[in-house]
Amino acid sequence: MEIASQPRPIEAQRFASDKIQQMLAHWNRTRLSPGYPVADWADHFEHEARMRYLEAQFLEDLRAEVQGWAASAPTHVDGFVQWFEDLKDVGPGQGDPLFPWLAGDANREQLCWFFEQEAAGEAGFDDLVAFTQIKLPESAKLELARNYWDEMGRGNPRGMHGPMLAALADTLCVRPTIEGTVWESLALANAMTAMATNRAFAWHSVGALGVIELTAPGRSAMVAQGLRRIGLSDRERRYFDLHAVLDVKHSEDWNREAFRPLVAEDPRRATAMAEGALMRLVCGERCFARYRKHLWATVSHAPGA
Ligand SMILES: [Fe+2]
Ligand SMILES: [Fe+2]
């Protein structure tokens, strides 16, 4: 908690940049899309190496910001889970005033802008889980598999979370693009993708995904409230209504089936998972601050105005 109030020099960061985050976002989109062998494969790998180096620097910068705080996380099972659950209240970005405002005051245009930013910054929870579960110990692997299956609508295309989010974008007439997205939101997606795809950050990714499940329900409920207020039907706002409820269960299951056995087997994982969770929350905190700055720029839109 004491580290939460320490100043973090956001503007001074090397990676607080539209250009760099857009570059990483385009690279992620391309490299994760199914493709074909290329003729200039040697050049391709040189580019890949440069981008991976950039990605590693970005991750290490982010990690350096939270290392002090993460070092205070207990490395025994009960203590760690309690510390982790407390992040819901004391973690970076928790209780941000943006969300009550979205629930009660934002107009349709403002909710659309918020959604556009969030959708573009969404790295695809299903794919992040799929990357992360590779070679995990059994209990954690099974929990990630169950979570993935929920993301897949348990085999029902209409229940798949990704298409549900895309349908909501259609309803709101929003077309998210990398260029139209603030760097903070791209950085969040780039950090999640980086942790999930680099095995040296596998435990970090387990922590980062787990903290999404922990902290998403409260925010989802408030976004759903805002969408209901502007007239969206139950079916249209289902993505947020669903996550307001389902992620409470996901979080409990993740803590019990993934965190507990992982920390019991190797306490070092607690520190790595704590770092990953805080890295994710710091990225989210920056998004909320930037969204507020944009959305509240007009005095008449500010709370209490
Ligand atoms: Fe989901
Ligand atoms: Fe979930």
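These numbers were taken from a predicted model, which means no experiment stands behind them. Whatever order the structure lists ligands and atoms in, that order sets their numbers, starting from 1.
- If you count the protein N, O or S atoms nearer to the Fe ion (ligand 2) than 2.8 Å, you get 4.
- Residue Ser251 is tested with Val248, Asn255, Asp247 for a side-chain contact (heavy atoms from CB on, under 4.5 Å); the sole match is Asn255.
- Ring to ring, Phe99 and Phe288 are close: their centroids are under 6.0 angstrom apart.
- A salt bridge links Arg154 with Asp150: the distance from a Lys NZ or Arg NE/NH1/NH2 to an Asp or Glu carboxylate oxygen falls below 4.0 Å.
- Counting only heavy atoms from C-beta outward, the side chains of Trp27 and Arg52 approach each other to under 4.5 Å.
- The ring of His243 has its center closer than 6.0 angstrom to the ring center of His161.
- No hydrogens or angles considered: nothing links the side chains of Tyr291 and Glu184 as a donor-acceptor pair under 3.5 Å.
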